[in-house]
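This report refers to the structure that appears directly beneath it.
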There are 4 protein chains.
Amino acid sequence: MPEAPESPAPGPGTRRPGGRTARTRAAVRDAVLAGLVEHGYPGLTVEYVAEHSGVHKTTLYRRWGSLEGLLADALDLAGEDNWTPPDTGSLEGDLRALAREVVASFTDPVTSVSGSAIIAAAFQSRQAADALSAYYEERFKRCEPLVQRAVERGELPAAREGGIDAGALSRAACAPLFFRLFITREPVDERTADQAAAAAVAAAHAGVFTPARDEERVASASGAKETGTHTQP
Amino acid sequence: MPEAPESPAPGPGTRRPGGRTARTRAAVRDAVLAGLVEHGYPGLTVEYVAEHSGVHKTTLYRRWGSLEGLLADALDLAGEDNWTPPDTGSLEGDLRALAREVVASFTDPVTSVSGSAIIAAAFQSRQAADALSAYYEERFKRCEPLVQRAVERGELPAAREGGIDAGALSRAACAPLFFRLFITREPVDERTADQAAAAAVAAAHAGVFTPARDEERVASASGAKETGTHTQP
Amino acid sequence: MPEAPESPAPGPGTRRPGGRTARTRAAVRDAVLAGLVEHGYPGLTVEYVAEHSGVHKTTLYRRWGSLEGLLADALDLAGEDNWTPPDTGSLEGDLRALAREVVASFTDPVTSVSGSAIIAAAFQSRQAADALSAYYEERFKRCEPLVQRAVERGELPAAREGGIDAGALSRAACAPLFFRLFITREPVDERTADQAAAAAVAAAHAGVFTPARDEERVASASGAKETGTHTQP
Amino acid sequence: MPEAPESPAPGPGTRRPGGRTARTRAAVRDAVLAGLVEHGYPGLTVEYVAEHSGVHKTTLYRRWGSLEGLLADALDLAGEDNWTPPDTGSLEGDLRALAREVVASFTDPVTSVSGSAIIAAAFQSRQAADALSAYYEERFKRCEPLVQRAVERGELPAAREGGIDAGALSRAACAPLFFRLFITREPVDERTADQAAAAAVAAAHAGVFTPARDEERVASASGAKETGTHTQP
DNA sequence: TGTTAACCGAGACGGTACGTCGCGTCTTTCT
DNA sequence: AGAAAGACGCGACGTACCGTCTCGGTTAACA
C-alpha cells in the first residue's frame, strides 16, 4: 500500500513510505491486534508489539510515539473495510439486523476482545479516543442509506422540514446495547437488540429525530435544575 | 458505617472492625477517590493511595488485594448515598431531568473525572466491573417509582399484562447519552438529553417496554443472520 | 561482614545491614571487579553487574545510585587489605621494591586490568575519583614507617627542622612509573622502577623533601611566567 | 594544511583531499574539541560532532571510523604547534618553568578540560592512546635542547659515556605533577612544581639519568620479590 | 565536455544500555 | 498476631546514542 494519504504520525515514516516502511507498518498493526486479543488493552505492551512484529521498540516509539499511536493506527486499518448496513426491506428489520450485528460482534469471544479493548483504550488515550470517534462517525455515516430507503418506502414521514436525522436514528438503535455492554455490564442478547430497534423505530415515528419538530419539543422543556448526581459514582 | 457487611477481601481486617480498622478504611477510600480525580484511573497507583491515606502499601495489599479491590470498595461507598429520581409531575419531565442529570454530571469537569475513571476501571478489572454493575442496578431500581407515578397518572397504559418494564424505560433514556459520552465520544448537551428522554417516552407509548406485548413483537422478528461486524473495530 | 561503618550510599541498604543486605553487597562488589577485568571500565555496564551478582538492576540503582557508586564501593573493599611497605634494610632497597611492586601490578595482565580501570573511572566520575584519592592517601600513609626506618638508620639526615616529608618521597618514587604507564604510555620495566627509586633517594639526600629547607629553595625561584602550554594537547 | 599526509582512515577522504574535504576535516576537529570542552570525553558523542560540524554522522563514520578516530585526528592537530621549552639561563630555572607550565595548563579551567579529556580518552581507545603517546614523545623531544644547554653551561657533568638521558630528566620533572593531577588527584600548585623540578635536578646531579652509570646502579639492585600489590586497587 | 566514480547529505532502522516507575512479595521490627 | 517499615525481584517504560544501511544528489577527476 504505497499510498497512505492519512498521516498517522507526522514524524518519521511518512516521508519515504516505500518498501520497508510499508511492510513494517502492516506488521506492526497485526501485532497490535494480536496483542489486544491475547492480553487485552491493559496487558498490551510496546515490547510485545516489538517482539511480535519484528520491529524494534525504538522504531515503534520513533514512528508511533507511544502505545496510543499504535492503537490509533490499528484502528485506522480496522476502519478501512467495506461494511454496508443491512438491507432487509423494512426499517425495523434493518435496525434489528444492525443491532443484532452489534450484539453478535461483542458476544463472540474472538471478535469481542479487540473491539472492547479499543473502547477501553479510548479511556486512556486521547489519540485512541479520536480514532474511535472517527471510526463510529464513519460507520454511522454509512447507515444513512438505510434511513433513506425507509423514507423512500414511505415508512417514515417525508422529511419536509429538514429531514430526519439518520445518524440519530441509527445511534438510537445501538446505544442501549453499548450501554448495557460497557456501562452497566448487563447481559445482552438478540431480544435486547430487537427491543432497541423497536424503540428507535417508535421514536422515529413519533418524530423525535426530525430536527425541525425538535425545536418545538425542546421549547416545552421544563428545564429542571438538579444538583444531585444520578448515574455517576 | 463502622462495620462493612459486604466483604471486599475475606482475609484480614474483617475480624476486628473496630477503631483503627474503620478509620483506615475510610482514609483509604478517600485517597482512592482523590487519586482518581487527580490522575484518572490509569494514573492511579497503589503507592499514591498508600501515601495519601497514611496506610502502608503492604497493608493495602493484605486487605484489598490489589487496586481492583480498592476501587470496588470505593465504589461501594459511592453507591451509599440517598439519591432519588426527579419528580417533575410528568413522565417526560422526569426522564428529561434524569437525562440532564447524567449530562451534567459527566460534563462538569470536577465530577466527571472520578465517574469516567470508574467506568474505565471496569474495563480492566473484573471486580470494578462487578461493582459498577451493582451500582447501576441499584440506581435504576430507584427509578422504578418514577415509572410507577406515570402509570398512576395515566400517562402510561395500566400494566395489566405484566406491567411496563421500568428498568428498560429508564435505561432507554440514559443509554444514548452514555453511548455518545463514552463510545462514540461525541459532544453531548441538554438537547441530546431531551431527545433521549423523548425517544424513551415515545417507545414506551408504543409499548416497546411492555413485556407481554414484547413477546408478540419478538415473534415477528425475521431473525437476520449476519456475519459482518458493524460497530466493532 | 556485619560491620560496615563507612556509608557508601546514604539511602537504602544502610539502615538494616543485616543478613541479605550484606550478602548482596559482597556479591555486587565481586561482580563489579569481574566486569572490570572482563570488559574494562568503558565496557562495564550496570546490567552486567546485575546479571553476574544476581542483584536486580533496580536495586543497584537504589543502593549505589549509579556505576560510579558501584565502583567507589568496590574500591573501598580493595583498600581494606593489610598491605605494608617492603622492608629490605635500606632506603633505596625499600623504594626499589616499592617501585617494582607498582610495575609488577600494572604489568601483570590479570591484575592490571581492574587497577587501570579504576584509574580510568576516576576521569569520569567524581565519586570514583574521590575513592581513588582516598585509596592512595591511605597507601602512602602506610609508607611512612619506611621513611622512618631510614631516618633511624641514619640514611637520611635527622629531621631537625620539621622532618622529611615521607609522603612526598614515596610519591616521588612512584610518580614516574604512573606517568609513563598512564600518561605518556611508554613501556615500563624494572629498570625504570629502579631509576625512579634512585632519583627519589637522590632528591631526598639533596634535601628536596625537607620542608624547612624547601622554603629556602622556593625563595630562589625566578617565577617564570609562561603562557604557552607544554604538556597539554 | 590542505593535504593530510598521515592517514587517519585509509578509505574515503584521502583520495580527493581538495576543497570541501579539507574544510570538512577542520570543522570536524573544531567540533571535537568543542565537544570535549563542553561535555568532557565521556559526554562526547558522534552525534554532537555531526551537529556542530555540519558534517553528517554517516560521513563521520565513513572517514574516521569512530569516536576514537575523531579524537586521534584532533590530537594530531593539537600537536602541530611550535612550542619550545623555556630558556631561563639555568637548568633548574628551565625545569621549574616547564613544571609550572604543566601546572598552569591543567589548573586553568578552560585549557584543562580538553587536555584531561584526551588523557581520559586514552584509557578507552587504543587510537587515542597512541596519539597521546606520540604527542608526549614529540614534546619531550623538543626538550632536549634544554638539557643540552645545561651541559654546555657546565651545570651537568659532560656526558662522556653516552651522555645524559635528556628525556628521562624532563620526564622526571613533570611526572610528579601528572601523578598528583590524574592518579592520586591531590591539589598541585607552583610549590609542587618547584619541588618536582628540584628533585629532577638533584637526581640528575647524582647521575641517575646518566645511562652508563645506570648500569652500575642496577647491578646493585637486590631484586626484591613481592607478592602484594601496592598501588593498585 | 561529458562521464563516471567517489563522496556526501538525509533519513530510517536494529540494537544495547540507560535510569525510572510501579507492582507485588518478603523480611525485619515494632507494639 | 497484626501492622509499619523497608528492601527487593521484576517487568516495562521511554530515551540516548550507537553503528549500519539505503537512497538520492553533488562534485571532482578523468576520458
Side-chain angles (χ1 to χ4, degrees), chain A residues 11-21 24 43-51 54-67, chain B residues 11-13 15-16 20-21 24 42-50 54-67, chain C residues 11-21 23-25 42-51 54-67, chain D residues 11-21 24 42-51 54-67:
Chain A
T14 50
R15 235 75 62 96
R16 287 173 13 192
R20 185 164 57 171
T21 296
T24 290
L44 179 63
T45 75
V46 173
E47 243 139 41
Y48 176 96
V49 177
E51 282 170 24
V55 175
H56 200 87
K57 188 174 62 148
T58 317
T59 302
L60 296 181
Y61 280 106
R62 265 192 288 249
R63 290 192 38 195
W64 285 271
S66 81
L67 254 190
Chain B
R15 236 78 61 91
R16 296 180 351 198
R20 185 163 59 173
T21 296
T24 289
L44 180 62
T45 76
V46 174
E47 245 137 41
Y48 176 95
V49 177
V55 175
H56 198 84
K57 192 173 60 151
T58 320
T59 305
L60 294 180
Y61 279 106
R62 250 195 303 266
R63 295 198 29 201
W64 283 270
S66 85
L67 253 189
Chain C
T14 50
R15 236 74 63 94
R16 291 174 5 192
R20 183 165 57 171
T21 295
R23 255 173 291 124
T24 289
R25 191 179 171 197
L44 179 63
T45 75
V46 173
E47 242 141 40
Y48 175 96
V49 177
E51 282 171 24
V55 175
H56 200 89
K57 187 173 62 148
T58 318
T59 302
L60 295 181
Y61 280 106
R62 269 192 284 244
R63 288 194 36 196
W64 284 271
S66 82
L67 253 192
Chain D
T14 51
R15 233 78 61 94
R16 291 174 1 191
R20 184 165 58 171
T21 295
T24 290
L44 180 63
T45 75
V46 173
E47 245 139 40
Y48 176 96
V49 177
E51 282 172 24
V55 175
H56 198 87
K57 190 173 61 150
T58 318
T59 304
L60 294 181
Y61 279 106
R62 260 192 294 253
R63 292 194 36 197
W64 283 270
S66 84
L67 252 192

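These numbers come from the heavy atoms of this one structure, side chains and all, not from hydrogens, waters or symmetry mates. Not measured: the values here are computed from a predicted model. Each chain gets a letter, A, B and so on, in the order its sequence line appears, and its residues count up from 1.
- The interatomic distance linking D/Leu67 (CG) with F/dA16 (C1') rounds to 14 Å, in whole Å.
- Residue contacts shown for A/Gly54 are limited to sugar-phosphate atoms, with no base heavy atom under 4.0 Å away.
- Position along DNA chain F of the nearest nucleotide to B/Lys57 versus A/Leu44 favours B/Lys57 as the more 5'-ward residue.
- Regarding A/Leu60, its CG atom lies at a distance of 10 Å from the P atom of E/dC13, rounded to whole Å.
- DNA chain F is contacted by both D/Thr45 and B/Thr58; B/Thr58 maps to the nucleotide lying nearer its 5′ end (nearest heavy atom per residue).
- Atom C1' of nucleotide E/dT16 and atom CD of C/Glu51 are separated by 12 Å, given to the nearest angstrom.
- The shortest heavy-atom contact between D/Thr59 and D/Trp64 is O-CE3, 4.4 Å.
- Taking atom CD of residue A/Glu47 and atom P of nucleotide F/dA12, one finds them 6 Å apart after rounding to whole Å.
- Nucleic acid contact for C/Ser66: none, since no nucleic acid atom lies under 4.0 Å from a heavy atom of the residue.
- Interatomic distance, OG1 of C/Thr24 versus NE2 of C/His56, reported as 13.0 Å (0.5 Å rounding).
- Spacing between atom OH of B/Tyr61 and atom P of F/dA3 amounts to 17 Å, rounded to whole angstrom units.
- For B/Arg62 against E/dG24, a side-chain-to-base donor-acceptor contact under 3.5 Å is absent.
- A donor and an acceptor atom never sit less than 3.5 Å apart when one is taken from the side chain of B/His56 and the other from the base of F/dA3.
- By the 4.5 Å heavy-atom criterion applied to side chains, B/Leu44 and B/Val49 are counted as neighbours.
- Looking at heavy atoms from C-beta onward, A/Arg63 lies out of side-chain contact with A/Val55 at the 4.5 angstrom threshold.
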